[in-house]
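Each remark here refers to the structure printed beneath this line.
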Amino acid sequence: MANNTRFLILLGPPMSGKGTQAARLSQLLGIPQISSGDLFRENIKNQTDLGREAKKYIEQGDLVPDQVTIGMVANRLQEKDCRSGALLDGFPRTLAQAEALDAILEDLGARLSAVISIDVPEDSLVERASGRRICRSCGQSYHLVFNPPREMDTCDQDGGELYQREDDKPETVRQRLAVYQTQTSPLIAYYKSRGILREVNGDQPIEVVGEVITRMVNEI
Ligand code: ADP
Ligand code: ADP
């Protein structure tokens with residue numbers, strides 16, 4: 001694989017804006033957004049064995065086991081459209097996944113360009129959860145107040161129906177935030193120690209966060 005590939009991670013707690021910013025960057029850089037959550041939801045919709053396995057964990061707000069998750073993402077990264085790079089949104093979420101990612105990229109002859117860590121205080125995350133709506137067909141996320149669709153309940157991109165994810169209900173969100181603290185937040189120090197972490201204050205309007213991230217990416 002050529003040296004000018006770009007593999008970037010968007011790291012942050014649930015609701016920090018990973019998906020929103022990954023979709024924006026994907027358009028800007030012309031590389032695919034790979035969201036492990038979207039891949040799981042796709043498998044659940046298609047009633048695959050992987051979907052059935054993942055559903056049990058997702059409903060509880062827990063992480064899907066590493067083995068299942070790593071295999072799914074590894075397969076996706078081997079597809080042709082990832083030859084020039086990819087934006088990883090929601091993966092890795094554990095140290096074991098981070099180590100597996102290094103091995104997957106090495107096999108592809110590539111390496112990580114940067115990890116963008118989006119920081120948002122917990123109060124804002126909880127507020128965002130209640131208003132998030134997702135497109136059933138393309139997975140694009142909206143917010144009733146902060147990023148409303150042009151037409152009620154309809155995706156701007158493809159006209160798909162917008163719905164509220166079952167795991168965005170308050171109780172499950174609390175569990176997901178706790179899981180983030182214990183299992184995922186150690187990745188911040190892990191990538192910082194490797195000198196590839198870039199931190200952005202995600203508690204600003206979507207466009208402002210987007211501009212900061214664009215500047216960061218251009219500096220890499
Ligand atoms: P994640 O993928 O990290 O879970 P999303 O990108 O889906 O987060 O964003 C979570 C919710 O918050 C969505 O409803 C989205 O429209 C909204 N959102 C994203 N970024 C911001 C922001 N900077 N300010 C306010 N709301 C935001
Ligand atoms: P959010 O965008 O709010 O951060 P995601 O759509 O990324 O949520 O993930 C939804 C759920 O899918 C998670 O709560 C978890 O159960 C599962 N999941 C997604 N990515 C991973 C991962 N890398 N490892 C384990 N489980 C995951």
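Just so you know, ligand 1 is whichever comes first in the structure, and atom 1 is the first atom listed for that ligand.
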[atom]: the protein heavy-atom neighbour that sits closest, reported with distance to 0.1 Å:
atom: atom 27 (C) of ligand 2; answer: Phe40 CE1, 3.6 Å
atom: atom 19 (C) of ligand 2; answer: Arg93 NH1, 3.4 Å
atom: atom 26 (N) of ligand 2; answer: Val64 N, 3.0 Å
atom: atom 12 (O) of ligand 1; answer: Arg128 CD, 3.3 Å
atom: atom 20 (N) of ligand 2; answer: Ser36 OG, 2.8 Å
atom: atom 15 (C) of ligand 1; answer: Thr20 OG1, 3.9 Å
atom: atom 2 (O) of ligand 1; answer: Gly19 N, 2.9 Å
atom: atom 1 (P) of ligand 2; answer: Arg176 NH2, 3.5 Å
atom: atom 17 (C) of ligand 1; answer: His143 CB, 4.0 Å
atom: atom 21 (C) of ligand 1; answer: Ile206 CG1, 3.3 Å

Salt bridge Asp168-Arg176, side-chain N to carboxylate O under 4.0 Å: yes
Carboxylate-amine/guanidinium contact Arg76 Asp38, below 4.0 Å: no
For Pro13, check side-chain contact (heavy atoms from CB on, under 4.5 Å) against everything at least two apart and list the hits. Ser16, Leu125, Leu177, Tyr180
What distance separates [X] [atom1] from [Y] [atom2], expressed to the nearest 0.5 Å?
X: Asn218; Y: Leu28; atom1: CG; atom2: CG; answer: 7.0 Å
X: Ile220; Y: Arg6; atom1: CD1; atom2: CZ; answer: 7.0 Å
X: Arg136; Y: Leu162; atom1: CZ; atom2: CG; answer: 9.5 Å

Mind checking whether [X] contacts ligand 1 via backbone (N, CA, C, O), side chain (CB onward), both or neither, at a 4.0 Å heavy-atom cut-off?
X: Pro13; answer: backbone
X: Asn147; answer: side chain
X: Gln21; answer: neither

Gly12: heavy atom below 4.0 Å from ligand 1, yes or no? no
Which of the numbered atoms in ligand 1 are under 4.0 angstrom from any heavy atom belonging to [X]?
X: Gly202; value: 23 (N)
X: Phe146; value: 25 (C), 26 (N)
X: Gln204; value: 22 (C), 23 (N), 24 (N)
X: Ser141; value: 5 (P), 6 (O), 7 (O), 13 (C)
X: Tyr142; value: 13 (C), 14 (O), 16 (O)

Do [X] and [Y] have side chains that approach each other closer than 4.5 Å (heavy atoms only, starting at C-beta)?
X: Pro149; Y: Thr154; value: no
X: Arg52; Y: Asp49; value: yes
X: Cys155; Y: Ser137; value: no
X: Thr20; Y: His143; value: no
X: Tyr190; Y: Val115; value: no
X: Leu8; Y: Leu87; value: yes
X: Leu101; Y: Ile9; value: yes
X: Met15; Y: Glu127; value: no

Taking atom CD as the centre, does Glu122 end up with more than 12 heavy-atom neighbours from other residues, nucleotides or ligands that are less than 6.0 angstrom away? no
Do other residues, nucleotides or ligands put more than 12 heavy atoms under 6.0 Å from Lys192 NZ? no
With a cut-off of 4.0 Å, which atoms of ligand 2 are near a heavy atom of [X]?
X: Lys18; value: 4 (O)
X: Asp62; value: 15 (C), 16 (O)
X: Gln97; value: 22 (C), 23 (N), 24 (N), 25 (C)
X: Arg41; value: 6 (O), 10 (C)
X: Thr69; value: 22 (C), 23 (N), 24 (N), 25 (C)

Quick one: does Met15 get an N or O within less than 3.5 Å of an N or O on ligand 1? yes
For ligand 1, which is the ligand I care about here, please tell me if Pro14 has any N or O atom under 3.5 Å from one of the ligand's N or O atoms. no
Looking at ligand 2, does Gln60 have a heavy atom less than 4.0 Å from it? no
Under-4.0 Å heavy-atom contact with ligand 2, by part of Lys55 that carries it: neither
Taking the side chain from Thr214 and the backbone from Gly210, do they hold a donor-acceptor pair closer than 3.5 Å? yes
Filtering Glu207, Arg165, Arg132, Arg133 for the heavy atom nearest atom 11 (C) of ligand 1 leaves Arg132
Shortest heavy-atom approach to atom 23 (N) of ligand 2 - which of Gly90, Ala98, Gly17, Ala129: Gly90
